[in-house]
Amino acid sequence: LVEERSALMRAVLGEKSDPNAPIARLMKDKFGNYTVQRIIEHSRGDDWLELRARIEAAEESLKKSATGKHIISAYEKKRHSMDKA
């Protein structure tokens with residue numbers, strides 16, 4: 001199960017340098033943002049660190065959209081829970 005989870009995260013995150021990576025497209029989509037919120041909620045370990053970096057890189061543009069604000073909210077909630085752990 002760990003390998004499958006990791007493969008799924010790699011597929012969703014795509015390449016760091018790809019501006020059209022699946023995660024970037026999901027963050028901009030009015031329905032995809034829900035998927036991103038669930039990914040944030042259930043991510044952990046190295047996957048969380050990589051996802052965190054991607055969200056932080058897109059944070060300014062996310063703050064400018066209604067759907068992005070939902071992602072930022074889920075991100076902040078997860079970040080605070082991880083900081084307490």
Side-chain angles (χ1 to χ4, degrees):
L1 189 58
V2 173
E3 291 175 17
E4 289 87 355
R5 178 187 191 95
S6 182
L8 178 60
M9 284 299 288
R10 281 193 311 272
V12 170
L13 291 173
E15 294 295 322
K16 290 180 188 181
S17 60
D18 183 3
N20 293 314
I23 193 71
R25 292 192 317 244
L26 286 169
M27 285 193 273
K28 296 173 188 171
D29 186 85
K30 66 181 180 179
F31 300 110
N33 88 83
Y34 178 80
T35 303
V36 175
Q37 292 173 58
R38 299 296 72 82
I39 292 169
I40 291 168
E41 181 182 343
H42 297 286
S43 63
R44 54 185 154 194
D46 289 341
D47 294 334
W48 163 245
L49 296 175
E50 180 62 32
L51 180 60
R52 183 175 176 165
R54 302 288 183 95
I55 293 170
E56 288 173 354
E59 191 168 5
E60 289 306 312
S61 64
L62 290 172
K63 287 180 180 179
K64 295 176 185 174
S65 72
T67 57
K69 290 176 185 176
H70 293 294
I71 294 169
I72 295 297
S73 177
Y75 166 72
E76 292 292 334
K77 182 178 177 182
K78 172 79 172 196
R79 195 181 79 190
H80 290 301
S81 72
M82 295 298 284
D83 289 345
K84 289 180 182 180

Item to check | Candidate pair Trp48 and Ile40, rule side-chain contact (heavy atoms from CB on, under 4.5 Å), full reasoning | outcome: CA-CA 7 Å; Trp48 163 245; Ile40 291 168; 4.0 Å; yes

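A salt bridge links Glu50 with Lys16: the closest approach of a Lys/Arg side-chain nitrogen to an acidic carboxylate oxygen falls below 4.0 angstrom. With salt bridges taken as basic N to acidic carboxylate O contacts below 4.0 Å, none links Glu60 and Lys64.
When the shell of 6.0 Å around CZ of Arg5 is examined, it contains more than 12 heavy atoms from other residues, nucleotides or ligands. For Glu15, the CD atom counts as loosely surrounded, since its 6.0 Å shell holds 12 or fewer non-hydrogen atoms of other residues, nucleotides or ligands.
Put simply, the side chain of Lys78 gets close to the backbone of Ser43: a donor and an acceptor are under 3.5 Å apart. No side-chain donor-acceptor contact under 3.5 Å links Glu76 to the backbone of Ser73. Using a distance-only test at 3.5 Å, with no hydrogens or angles considered, a donor-acceptor pair links the side chain of Arg54 to the main chain of Leu13.
By the criterion of side-chain heavy atoms lying less than 4.5 angstrom apart, applied directly or through intervening Ile, Leu, Val, Met, Phe, Trp or Tyr residues, Met27 is grouped together with Ile72 in one hydrophobic cluster.
In this structure the side chain of Lys69 never reaches within 4.5 angstrom of the side chain of Leu62, judged on heavy atoms. Counting heavy atoms from C-beta outward, Ile55 and Leu51 have side chains that approach closer than 4.5 Å. For the pair Leu8/Val12, a side-chain contact is recorded, criterion being any heavy-atom separation below 4.5 Å from C-beta on. Looking at Asn33 and Leu26, their side chains never come closer than 4.5 Å, going by heavy atoms from C-beta outward. Taking the side chain as every heavy atom from C-beta outward, Met9 and Ile39 approach each other to under 4.5 Å.
The distance from atom CG of Asp46 to atom OG of Ser6, rounded to the nearest 0.5 Å, is 8.5 Å. Atom OG of Ser65 and atom NZ of Lys63 lie 12.0 Å apart (nearest 0.5 Å). In this structure, OG1 on Thr67 lies 15.0 Å from OH on Tyr34, to the nearest 0.5 angstrom.
Glu56 and Tyr75 form a side-chain donor-acceptor contact under 3.5 Å, judged by distance and modelled atom types alone.
When all heavy atoms are compared, the tightest approach of Pro22 to Gly14 is CD-CA, 4.1 Å. The shortest heavy-atom contact between Pro19 and Ala24 is O-CB, 3.5 Å.
The side chain to side chain donor-acceptor pair (under 3.5 Å) test applied to Arg25 returns no partner, not counting sequence neighbours.
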